[in-house]
Amino acid sequence: MSFVLLRRGFVGRSIIAKWTIKTPVVLSFRSYASKNKGKAKQAPQSDVKGSHATSTSGFIPTSQRALSDEAAQAEYDKTSTKMVAAVDWLRKEVAGITARAIGHVTPAILDSVKVILPENSKELRLEEVATVGVREGTNLLVTLYEDKNLKYVEKAIYAAKLPNIAPQKVDARTLKIVIPRPTMEARAALLNTASKTSEDTRVQLRKLKDASMRKHKWKPRSDEGEQFQKLCDTRIKEVDQILTKAKRELGT
């Protein structure tokens, strides 16, 4: 046997108490719908004096900020010029290597040849002392401006250690170089040369960046440090692209 008691509460809620023989107490509450049902809740406003919310949308990463110091900007421009020159040199060097690897005969094959004359201790480019032309599609003809320099040019060509390059004397002012079709081993050797040259350029770029950092005692996390690191990373990415292009052209 059980009894049920229903009583109205003071706040419009029903309280039902149910007793059984074992006298357990069960309370049931009913809540009535609010008059503001369906209205969107608004975020509470802060009423703390002096509190300010700062937006970060206008912040510029350190690596993208312009250098405000004139000395730093001058050093940046100087280093950037040197890095661009290094990458341009690599691009031309790898282009010549790729041309040799695919059997395309061009004067660029001899771009790495540096000539030293007795009266001038400075290294000279081959085109400063001779002209280089292509004959019959497979031969290079080196014609000197002065015949007295022939032996020095011949020596310089051998010193460049270009694969399968052996100059032959035609006359007092002319050297002939027969360019053989590259074998698979020669192509692999040329590709290794391109890879090594690319890595040497990466090292050179990092050294240029580090030299500027040490010169001005900039920390890696400073504005200048991050700007120079970004510059170095950009140029190294160009090096990677040059090597990737060469590998694609060689079918590797």
Side-chain angles (χ1 to χ4, degrees), residues 81-205 238-252:
T81 299
K82 291 181 179 179
M83 287 185 175
V84 169
V87 174
D88 287 344
W89 175 86
L90 174 70
R91 185 178 288 107
K92 187 176 181 181
E93 190 74 9
V94 172
I97 293 173
T98 304
R100 295 200 300 274
I102 62 179
H104 186 198
V105 179
T106 68
I109 293 176
L110 301 180
D111 280 349
S112 61
V113 175
K114 304 301 178 183
V115 182
I116 300 179
L117 302 179
E119 65 273 15
N120 188 353
S121 59
K122 179 182 177 181
E123 289 186 341
L124 302 174
R125 299 189 306 275
L126 181 58
E127 56 263 33
E128 294 183 80
V129 297
T131 61
V132 182
V134 180
R135 296 292 183 274
E136 300 174 1
T138 58
N139 300 332
L140 290 176
L141 285 183
V142 181
T143 305
L144 280 73
Y145 300 135
E146 299 182 50
D147 54 12
K148 66 178 183 178
N149 295 329
L150 182 68
K151 62 179 180 181
Y152 303 111
V153 172
E154 186 176 11
K155 179 180 178 181
I157 293 174
Y158 279 114
K161 297 181 179 180
L162 299 172
N164 302 315
I165 299 296
Q168 304 170 10
K169 184 177 178 180
V170 177
D171 55 42
R173 294 179 54 229
T174 308
L175 293 171
K176 176 182 176 181
I177 303 174
V178 179
I179 308 298
R181 294 292 299 179
T183 62
M184 291 299 295
E185 291 77 10
R187 288 165 65 95
L190 288 167
L191 183 57
N192 287 336
T193 300
S195 298
K196 183 180 183 302
T197 305
S198 298
E199 181 57 30
D200 290 343
T201 303
R202 294 189 192 97
V203 172
Q204 182 182 358
L205 294 173
E238 291 183 30
V239 171
D240 296 339
Q241 291 171 346
I242 291 171
L243 183 59
T244 299
K245 180 182 177 182
K247 290 181 177 179
R248 184 169 61 248
E249 291 178 353
L250 295 177
T252 59

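- Considering only heavy atoms from C-beta on, Lys92 stays 4.5 Å or farther from Asp88 through its side chain.
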Let me see the working for Val132 and Glu127 under side-chain contact (heavy atoms from CB on, under 4.5 Å), right down to the final yes or no. CA-CA 7 Å; Val132 182; Glu127 56 263 33; over 6 Å; no
Show your reasoning for whether side-chain contact (heavy atoms from CB on, under 4.5 Å) applies to Asp200 and Lys196. CA-CA 6 Å; Asp200 290 343; Lys196 183 180 183 302; 3.2 Å; yes
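- Using a 4.5 Å heavy-atom threshold, the side chains of Val129 and Tyr152 count as separate.
- Taking both residues in full, the closest heavy atoms of Ser198 and Val239 are given as O-CG1, 3.6 Å, listed atom of the first, atom of the second, then distance.
- Ion pairing between Asp111 and Arg125 fails under the 4.0 Å rule for side-chain N and carboxylate O.
- Closest approach of Tyr158 to Ile165, counting heavy atoms only: CE2-O, 4.5 Å.
- The pair Glu146-Arg173 fails the salt-bridge criterion, with no side-chain N (NZ, NE, NH1 or NH2) lying under 4.0 Å from an Asp/Glu carboxylate O.
- The closest donor-acceptor contact from the side chain of Arg100 to the backbone of Leu190 lies at 3.5 Å or more, if one exists at all.
- Annotation: Lys114, atom NZ; neighbour count of heavy atoms from other residues, nucleotides and ligands within 6.0 Å is above 12.
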Please test Arg202 against Leu243 for side-chain contact (heavy atoms from CB on, under 4.5 Å), starting from the C-alpha separation and ending with a verdict. CA-CA 12 Å; Arg202 294 189 192 97; Leu243 183 59; 3.9 Å; yes
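- Here the straight-line distance linking atom CD1 of Ile97 with atom CZ of Arg187 works out to 13.5 Å at 0.5 Å rounding.
- Considering every non-hydrogen atom in both Leu117 and Val115, the closest pair reads CD2-CG1, 3.8 Å.
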Using the rule given for side-chain contact (heavy atoms from CB on, under 4.5 Å), can you reason through Leu110 versus Leu162, listing the C-alpha separation, both sets of side-chain angles and the distance that settles it, and then say yes or no? CA-CA 8 Å; Leu110 301 180; Leu162 299 172; 3.8 Å; yes
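- Here the shortest heavy-atom pairing between Leu150 and Ala172 reads CD2-O, 3.5 Å.
- The minimum heavy-atom distance linking Ala246 with Thr98 is given by the pair CB-OG1, 3.6 Å.
- Remark: the backbone N or O of Thr193 is paired with a side-chain donor or acceptor of Thr197 at under 3.5 angstrom.
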Please list, one pair per line, the donor and acceptor atoms closer than 3.5 Å that link side chains of residues 136-144 to other protein atoms, with sequence neighbours excluded.
residue : atom : partner : partner atom : Å
Glu136  : OE1  : Asn139  : ND2          : 3.4

Pair Ser195, Asn192 - check side-chain hydrogen bond (donor to acceptor under 3.5 Å, both in side chains), show working. CA-CA 5 Å; Ser195 298; Asn192 287 336; 5.2 Å; no
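- When all heavy atoms of Ile102 and Glu249 are compared, the closest pair comes out as CG2-O, 4.2 Å.
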